[in-house]
Amino acid sequence: MNAIRIALLGAGTVASGVVKVLERNQEEIRRRAGRGIEIVAVAARNPDKARAALGSALPLTCDFHGLATRDDIDIVVELMGGIEPARSLVLAAIAAGKHVVTANKALLAQCGNEIFAAAQSRGVMVAFEAAVAGGIPIIKAVREGLAANRIEWVAGIINGTTNFILSEMRDKGLDFATVLAEAQRLGYAEADPTFDIEGVDAAHKITLLCSIAFGVPVQFDRAYVEGITRLDAADIRYAEQLGYRIKLLGITRRTDAGIELRVHPTLIPASRLLANVEGAMNAVVVLGDAVGATLYYGKGAGSEPTASSVIADLVDVTRLHTADPEHRVPHLAFQPGALADTPIAPMALVRSAYYMRVHVRDEAGVLAEITHILAEHGISIDALLQRPSGADDRHTAVILLTHETVEGRMDQAQARIQALDSVLAPIVRLRKEELR
Ligand code: NDP
Ligand code: HSE
C-alpha cells in the first residue's frame with residue numbers, strides 16, 4: 001500500500017523530533033501502521049532556521065495554508081503552537097478533509113469544542129496525545145484503557161518546566177531565573193515561558209484531561225490557575241520539615257458540587273510517588289472506581305519524547321484512516337451527543353486541606369487567637385510549627401497544617417486572622433492534598 005502522506009506545520013523542537021524518529025524507526029513504524037508514513041513537506045516561516053533545526057533535506061515551503069489544504073496530503077501535523085494562525089490552519093485542513101495531529105494544548109483547551117465539532121461534521125480525526133504530558137500516552141490510557149471506569153479524580157505533575165525549576169531549586173539551591181533559562185535551553189519551556197511558570201500550560205492540559213475523564217466540553221475559562229512565581233523558598237523548606245513536598249499539580253475531581261478543575265502549588269506527602277517525580281518528568285494519577293489508582297510516569301517534554309506521542313497518533317490515524325467515522329474513538333472519549341453539562345465547581349466549594357504561614361508578634365495569646373478563629377469556622381488543625389522569623393526575636397512564623405475543609409470557609413477564617421493586630425504580614429496559604 002502507498003505511504004500515508006503528511007505535512008508538518010512548524011519546524012521547531014517537536015517537529016525536528018518527529019522527523020528524526022520517523023526516519024530512524026521507519027521500518028518498525030511501517031510494520032505497526034500497515035503502511036509507510038511519509039513527510040511530504042514542512043511549512044516554516046524561516047527556511048534557513050528550519051533546515052538547521054530539522055537536519056534534513058525535506059521540501060520546505062512558507063505557504064502554510066497551501067500546504068495544509070494540498071490535495072495530496074492525508075494528515076496535517078500542527079507543531080507551531082499558539083492560537084492564531086494555528087486555529088485557522090487546523091480548521092482549513094479539516095475543511096479540506098485532512099486528519100489533524102497536534103501537540104498544541106493551548107489551541108485545544110481554548111478552541112477544542114469548535115475544532116472537534118468541525119472534525120466531527122467533516123468525518124476526520126483530530127489526535128492530540130502529545131498535548132498532555134509529552135511522551136506519556138495518558139490520553140490513550142484515559143480515553144481507551146480506562147473506558148470501563150467511572151473516573152473519580154485525576155491529579156498530575158503535567159508541566160515539565162515548573163517541575164524542573166522546583167526540583168533544581170530544592171536540590172541544587174539554584175535561583176529561579178537560572179533554572180528557567182536552562183529549561184528554555186533544553187526545549188521544555190513554551191515559546192512564552194510565563195505560560196509554564198504561571199500554571200497556564202498545566203491548566204490547558206488538565207482542562208483536556210477533565211473533558212476526557214468526565215465527558216464534559218472543554219472549559220479552560222472555568223479553570224482555577226495559580227503558578228509557582230510567588231512560591232517562597234522558606235515554604236518549600238517548612239513543607240519538608242512537616243513531611244511534604246510542594247509540586248505544581250493539575251487536579252480535576254468529581255464532587256457533589258460539580259467538577260473541580262484547578263492548578264496550583266500543592267503540598268503532597270513526601271512518601272507519595274508523585275512527590276518523588278523530579279526534573280522535567282511528568283506523572284499523572286487517575287482514580288477509577290473499578291481499577292483503583294493507576295499512575296503514568298515519563299518525560300513530559302522535549303523533542304523526541306513529544307515526537308513519540310505525535311507519531312503514535314500518526315500510526316493510529318493511519319490505521320483508522322479508512323474506518324467508518326462512526327466507529328472511531330470519540331475525540332473526548334464520550335460520544336459527542338453524550339457529553340454531560342455537569343458544572344465546574346466554584347473554588348469556594350472546593351475541598352482541600354491547607355498550609356498557612358502567619359508572621360506574628362511573638363507574645364502570649366497570639367496562637368490562641370488564631371486557633372480560636374479556625375475552631376469557630378470548624379477548621380481542625382493537623383500540625384503546627386513555630387520558627388524564628390528573621391533577625392527580630394519579637395516576631396515569629398507560625399506554620400499550620402489544617403485537616404480538609406471547604407475553601408470558602410478557609411477564606412473567611414483567613415480574612416479574620418489577617419485582620420488581627422498581632423499578624424504583621426500577608427498570610428501565605430497553600431493547598432495540601434493527601435491523594436489517597
Ligand atoms: P518551537 O517554538 O520549537 O517550534 C515552533 C515552530 O513553529 C517553529 O518552526 C516556529 O517558527 C513555527 N511558528 C511558530 N509560530 C508561528 C507563526 N505564527 N507562523 C509561522 N510559524 C510559526 O515549539 P515546540 O516545537 O517546542 O512546540 C510546538 C508545539 O508542541 C506547541 O504547541 C507546544 O506547546 C507543543 N509541545 C511542546 C513540547 C516540548 O517539549 N517542546 C511538549 C509537548 C507539546 P520560528 O522558528 O520561526 O519561530
Ligand atoms: N512547556 C511544556 C512543559 C512542554 O514544560 O511541560 C510540554 O507540554
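One-based numbering, in listed order, for ligands and for the atoms of each.
In this structure, Leu248 and Gly199 approach most closely via the heavy-atom pair CD2-CA, 4.2 Å. Counting all heavy atoms, side chain and backbone alike, Ile151 lies closest to Phe214 at O-CE2, 3.1 Å. The two residues Gly81 and Ala86 have their closest heavy-atom pair at O-CB, 3.9 Å. Nearest heavy atoms, Ala93 versus Val100: CB-CG2, 4.1 Å.
Ring pair Phe128/Phe116 is tilted by interplanar angle, where 30° to 60° counts as tilted. Between His99 and His321, the ring planes are perpendicular. Angles over 60° get that label, and only those under 30° would be called parallel.
In terms of protein heavy atoms, atom 48 (O) of ligand 1 is closest to Arg45 NH2, 2.9 Å. In this structure, the protein non-hydrogen atom closest to atom 44 (C) of ligand 1 is Lys105 NZ, 3.2 Å. The shortest contact between atom 8 (O) of ligand 2 and any protein heavy atom is with Lys105 NZ, 2.5 Å. Annotation: atom 6 (O) of ligand 2 to nearest protein heavy atom, Gly160 N, 2.7 Å. Of the protein's heavy atoms, Ala11 N, 2.8 Å lies nearest to atom 9 (O) of ligand 1. The protein non-hydrogen atom at the shortest distance from atom 7 (C) of ligand 2 is Gly300 O, 3.2 Å. Nearest protein heavy-atom neighbour of atom 31 (C) of ligand 1: Gly81 CA, 3.6 Å. Closest to atom 4 (O) of ligand 1, if we only count protein heavy atoms, is Gly12 CA, 3.2 Å.
Polar contact check, Gly302 against ligand 1: a nitrogen or oxygen pair lies under 3.5 Å apart.
Under 4.0 angstrom from ligand 1, the non-hydrogen atoms of Thr306 all belong to its side chain. Counting heavy atoms closer than 4.0 Å to ligand 1, residue Met80 contributes atoms from both its backbone and its side chain. With a 4.0 Å heavy-atom cut-off, ligand 2 is reached by the backbone of Ala189 but not by any atom from C-beta on. Within the 4.0 Å heavy-atom criterion, both parts of Ala103, backbone and side chain, lie near ligand 1.
Within ligand 1, counting atoms from 1 as listed, the ones closer than 4.0 Å to a heavy atom of Leu79 are 5 (C), 6 (C), 7 (O), 28 (C). Listed by number with element, the atoms of ligand 2 under 4.0 Å from a non-hydrogen atom of Glu190 are 1 (N), 2 (C), 4 (C). Close contacts between ligand 1 and Gly187 involve ligand atoms 39 (C), 40 (O), 41 (N) [criterion: under 4.0 Å to a heavy atom]. Residue Ala130 has at least one heavy-atom neighbour below 4.0 Å for each of these atoms of ligand 1: 43 (C), 44 (C). In summary, the atoms of ligand 2 found under 4.0 Å from a heavy atom of Lys205, numbered by their order in the structure, are 2 (C), 3 (C), 6 (O), 7 (C), 8 (O). Numbered from 1 in the order shown, with element, the atoms of ligand 1 that lie under 4.0 Å from a heavy atom of Phe64 read 20 (C), 21 (N). Within the listing of ligand 2, atoms 4 (C), 7 (C) sit less than 4.0 angstrom from a heavy atom of Ala301. The ligand atoms of ligand 2 that sit less than 4.0 angstrom from a heavy atom of Asp196 are 1 (N), 2 (C), 3 (C), 5 (O). Numbered from 1 in the order shown, with element, the atoms of ligand 1 that lie under 4.0 Å from a heavy atom of Glu190 read 33 (C), 34 (O). Less than 4.0 angstrom separates some heavy atom of Ala301 from each of these atoms of ligand 1: 40 (O).
Not a single heavy atom of Gly134 lies less than 4.0 angstrom from ligand 2. Residue contacts with ligand 1 leave out Gly82, since none of its heavy atoms falls under 4.0 Å from the ligand. Heavy-atom separations between Ala191 and ligand 1 are all 4.0 Å or longer.
Remark: the Glu434 side chain and the Tyr244 side chain contain an N/O donor-acceptor pair separated by less than 3.5 Å. Between the side chains of Asp63 and Thr61, no donor-acceptor pair of N or O atoms lies under 3.5 Å. Side chain to side chain, His264 and Thr266 meet the donor-acceptor criterion of an N or O pair below 3.5 Å. Donor-acceptor pairing under 3.5 Å is lacking for the side chains of Glu407 and Ser352. Side-chain contact of Arg87 with Gln110: a donor-acceptor pair under 3.5 Å is absent, judged by distance alone. Remark: the Glu278 side chain and the Ser167 side chain contain an N/O donor-acceptor pair separated by less than 3.5 Å.
For atom 4 (C) of ligand 2, the candidate residues are Tyr188, Phe195, Phe164; the nearest heavy-atom contact is made by Tyr188. Closest to atom 18 (N) of ligand 1 by heavy atom, among Ala53, Gly10, Pro85, Ala106, is Pro85. The option from Asn104, Thr161, Asp201 that lies nearest to atom 5 (O) of ligand 2, judged by heavy atoms, is Thr161. Among Ile83, Val310, Val14, the residue whose heavy atom lies nearest to atom 38 (C) of ligand 1 is Val14.
Distance remark: protein heavy atom not present below 4.0 angstrom from atom 23 (O) of ligand 1. Using a 4.0 Å threshold on non-hydrogen atoms, atom 34 (O) of ligand 1 counts as touching the protein.
For the pair Lys105/Glu190, a side-chain contact is recorded, criterion being any heavy-atom separation below 4.5 Å from C-beta on. Between Leu261 and Ile206, the closest side-chain pair of non-hydrogen atoms falls below 4.5 Å. Counting heavy atoms from C-beta outward, Leu107 and Ile115 have side chains that approach closer than 4.5 Å.
Relative to the six-membered ring of Tyr354, Arg409 misses at least one condition, a distance below 6.0 Å or an angle of at most 45° to the axis.
Here CG of Asn282 is found 7.0 Å from CG of Asn163. Values are rounded to the nearest 0.5 Å.
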